[in-house]
K.L.:
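For reference, the structure I am asking about is given below.
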Amino acid sequence: MVKLRLKRCGRKQRAAVYRIIAIDVRSRREGRDLRKVGFYDPIKNQTYLNVPAILYFLEKGAQPTGTVHDILKKAGVFTELHLNQ
């Protein structure tokens, strides 16, 4: 099963930035991802999303984690998902 989750990036002991990735459930947080589908900076409150890639994984049955679900909901990705179906 595939999940959409956050992967921590940046230097140690600094403000964290995260990549939104599609990854196998059995992999650890910093493991090898299937594809990078977005970027999230909680300090600057910036988000970049590759919406076609996210929609592809959601249509194939990928489950977002709670935080990623909130980010996608705020960006309006789920409304696009329902429009495509």
K.L.:
Going by heavy atoms in the side chains, are Thr65 and Leu4 under 4.5 Å from each other?
P.N.:
no
K.L.:
With hydrophobic residues grouped by side-chain heavy-atom distances under 4.5 Å, do Val68 and Val17 end up in a single group?
P.N.:
no
K.L.:
Can you sort out the partners of Ile21 under side-chain contact (heavy atoms from CB on, under 4.5 Å), two or more places apart, ordered by chain and number?
P.N.:
Arg5, Lys7, Arg19, Ile23, Asp33, Lys36
K.L.:
Determine, step by step, whether Tyr56 and Arg35 satisfy the side-chain contact (heavy atoms from CB on, under 4.5 Å) criterion, reporting the C-alpha distance in whole Å, the side-chain angles of both residues, the deciding distance to 0.1 Å, and the verdict.
P.N.:
CA-CA 11 Å; Tyr56 169 79; Arg35 185 162 179 194; 5.5 Å; no
K.L.:
Taking the side chain as C-beta and beyond, is there a heavy-atom pair between Asp41 and Asn45 under 4.5 Å?
P.N.:
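No - every pair of side-chain heavy atoms lies 4.5 Å or more apart.
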K.L.:
Specify the closest pair of heavy atoms between Pro42 and Ala16, including all atoms of both residues, with the distance to one decimal.
P.N.:
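For Pro42 and Ala16, the tightest heavy-atom pair comes out as CD-O, 3.6 Å.
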K.L.:
Indicate, with yes or no, if Tyr48 and Phe57 share a hydrophobic cluster defined by side-chain heavy-atom contacts under 4.5 Å among Ile, Leu, Val, Met, Phe, Trp and Tyr.
P.N.:
no
K.L.:
Between Val25, Leu34, Asp24, which is the residue that forms a side-chain contact (heavy atoms from CB on, under 4.5 Å) with Lys3?
P.N.:
Val25
K.L.:
side-chain contact (heavy atoms from CB on, under 4.5 Å) with Leu55: which of Val77, Val37, Asn50, Leu72?
P.N.:
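The passing option is Val77.
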K.L.:
Kindly state each residue pair satisfying ring pair (Phe, Tyr, Trp, His ring centres under 6.0 Å) with at least one member in residues 9-42, sequence neighbours excluded.
P.N.:
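Not a single pair qualifies under ring pair (Phe, Tyr, Trp, His ring centres under 6.0 Å).
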